[in-house]
Amino acid sequence: MDLEVSPALTIPASELGWRFSRSSGPGGQHVNTSDSRVELSWNVGDSAALSDGQRLTLLTRLGRRLIAGVITVTASEQRSQLRNREIALAKLAVLVAEGLAPEAAPRRPTKPTRGSNRRRLAAKEQRAATKRQRQRPSAE
């Protein structure tokens with residue numbers, strides 16, 4: 001079951017590592033007997049599915065989530081191990097897709113328009129007038 005991240009990138013199933021353990025959460029007594037929690041691991045550094053540029057991009061962008069070049073995703077939301085497997089695969093696909101997405105263009109700073117500045121000052125004046133009316137009248 002290969003993981004298709006994008007049309008250009010598919011992670012082969014042989015590179016994915018699975019671990020299963022007992023889950024906390026919903027399920028009652030069922031939780032104590034079945035290994036429904038799923039951990040999905042993928043070694044970014046050794047992956048043959050990535051080009052050198054993609055690997056470098058992922059290693060820098062996901063650096064905080066990586067442990068020795070391996071990214072791990074867990075899922076224990078559902079009672080079923082199969083559903084948790086699907087959730088873990090989806091989480092990993094989203095993480096990798098976000099890591100490989102091109103950076104957004106930097107924001108071009110602009111000045112506020114004359115109208116927006118006028119509205120801001122009018123609102124500020126209105127607020128000040130409201131607060132002045134709340135004050136106790138002077139003794140004069």
Side-chain angles (χ1 to χ4, degrees):
M1 174 163 75
D2 294 347
L3 175 61
E4 185 174 329
V5 176
S6 69
L9 176 64
T10 302
I11 301 171
S14 59
E15 292 186 5
L16 300 174
W18 297 94
R19 279 187 47 198
F20 307 101
S21 59
R22 293 207 175 107
S23 172
S24 63
Q29 293 176 350
H30 171 79
V31 171
N32 302 329
T33 59
S34 63
D35 292 342
S36 60
R37 181 173 181 262
V38 173
E39 280 186 31
L40 175 60
S41 305
W42 179 52
N43 193 332
V44 177
D46 295 342
S47 177
L50 297 172
S51 67
D52 291 335
Q54 289 175 326
R55 182 175 295 107
L56 186 62
T57 303
L58 279 179
L59 288 173
T60 54
R61 287 196 183 166
L62 301 178
R64 304 181 115 205
R65 292 215 40 163
L66 298 176
I67 299 171
V70 177
I71 189 164
T72 303
V73 175
T74 60
S76 60
E77 290 89 14
Q78 302 291 325
R79 287 180 58 171
S80 162
Q81 187 189 92
L82 181 64
R83 282 199 218 116
N84 282 333
R85 280 178 169 223
E86 293 166 354
I87 291 169
L89 282 170
K91 281 183 179 181
L92 182 63
V94 167
L95 255 172
V96 173
E98 286 176 356
L100 291 175
E103 289 190 26
R107 180 188 172 278
R108 253 179 47 213
T110 57
K111 289 183 179 177
T113 62
R114 207 176 300 151
S116 69
N117 210 13
R118 210 177 285 134
R119 286 189 297 272
R120 180 182 64 84
L121 292 175
K124 210 170 161 179
E125 186 60 42
Q126 178 66 42
R127 184 81 178 137
T130 302
K131 289 189 170 194
R132 270 197 307 271
Q133 286 180 345
R134 288 181 190 157
Q135 289 178 353
R136 190 170 281 163
S138 62
E140 294 176 0

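In this chain, numbering begins with 1 at the start of the sequence shown. This one's a predicted model, so the numbers in the text were calculated from it and none came from an experiment.
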(request) Would you please test Val96 and Val94 for side chain to side chain contact (heavy atoms under 4.5 Å, CB included) and show each step? (result) CA-CA 6 Å; Val96 173; Val94 167; over 6 Å; no
(message) With a 4.5 Å cut-off on side-chain heavy-atom distances among I, L, V, M, F, W and Y, is there a chain of contacts connecting Phe20 to Ile71?
(response) yes
(message) If the threshold is 4.0 Å, N to carboxylate O, is there a salt bridge linking Arg127 and Glu125?
(response) no
(request) Applying side chain to side chain contact (heavy atoms under 4.5 Å, CB included), run through Glu39 and Val73 and close with a yes or a no. (result) CA-CA 6 Å; Glu39 280 186 31; Val73 175; over 6 Å; no
(request) Begin from the C-alpha positions of Trp18 and Arg85 and carry the test side chain to side chain contact (heavy atoms under 4.5 Å, CB included) through to its verdict. (result) CA-CA 9 Å; Trp18 297 94; Arg85 280 178 169 223; 3.8 Å; yes
(request) Count the heavy atoms of every other residue, nucleotide or ligand shown that sit under 6.0 Å from CZ of Arg107, and state whether that count exceeds 12. (result) yes
(request) First locate atom CG of Leu100, then atom CG of Leu95, and finally report the distance between them rounded to the nearest 0.5 Å. (result) 10.5 Å
(request) Output yes when Lys91 and Glu77 qualify as a salt bridge under the 4.0 Å nitrogen-oxygen rule, no when they do not. (result) yes
(request) Report yes or no: do Thr10 and Glu4 form a side-chain donor-acceptor pair below 3.5 Å? (result) no
(request) Check the surroundings of atom CD1 in Ile67: do more than 12 heavy atoms from other residues, nucleotides or ligands lie under 6.0 Å from it? (result) no
(message) Would you compute the distance between atom OG1 of Thr57 and atom CG of Leu62 and round it to the nearest 0.5 angstrom?
(response) 10.0 Å
(request) For the pair Arg55 (side chain) and Gly45 (backbone), establish whether a donor and an acceptor sit closer than 3.5 Å, ignoring hydrogens and angles. (result) yes
(request) Output, in order, the C-alpha distance, side-chain angles, deciding distance and verdict of side chain to side chain contact (heavy atoms under 4.5 Å, CB included) for Leu66 and Val44. (result) CA-CA 9 Å; Leu66 298 176; Val44 177; 4.0 Å; yes
(message) If you compare all heavy atoms of Ser41 against all heavy atoms of Thr72, which two are closest, and at what distance to 0.1 Å?
(response) OG-OG1, 3.5 Å
(request) Using only heavy-atom distances, determine whether the side chains of Glu15 and Trp42 contain a donor-acceptor pair under 3.5 Å. (result) yes
(request) Hey, could you give me the CG/OG distance between Leu9 and Ser51, rounded to the nearest 0.5 Å? (result) 9.0 Å
(request) Working to the nearest 0.5 Å, report the span between CG of Leu92 and OG1 of Thr74. (result) 11.5 Å
(request) Give a yes or no on whether Leu3 and Ile87 share a hydrophobic cluster (residues Ile, Leu, Val, Met, Phe, Trp, Tyr; joining criterion: side-chain heavy atoms under 4.5 Å apart). (result) no
(request) Just jot down the salt bridge (charged side-chain N to carboxylate O under 4.0 Å, His left out) partners of Glu98, sequence neighbours excluded, or say none. (result) none
(message) When you group the ILVMFWY residues by side-chain heavy-atom contacts below 4.5 Å and let the links chain together, are Ile11 and Val38 in the same group?
(response) yes
(message) Donor-acceptor pair, distance only, cut-off 3.5 Å: does the side chain of Thr130 make one with the backbone of Gln126?
(response) yes
(message) Any donor-acceptor pair under 3.5 Å linking the side-chain atoms of Asn117 with those of Arg114?
(response) no
(message) So does Ser36 get a backbone contact from the side chain of Asn84, meaning a donor-acceptor N/O pair under 3.5 Å?
(response) yes
(message) Let me confirm one number: the CD-CG distance from Gln54 to Leu56, rounded to the nearest 0.5 Å.
(response) 11.0 Å
(message) One thing to verify: whether Glu103 and Arg61 come together as a salt bridge, which I'm taking to mean a side-chain N less than 4.0 angstrom from a carboxylate O.
(response) yes
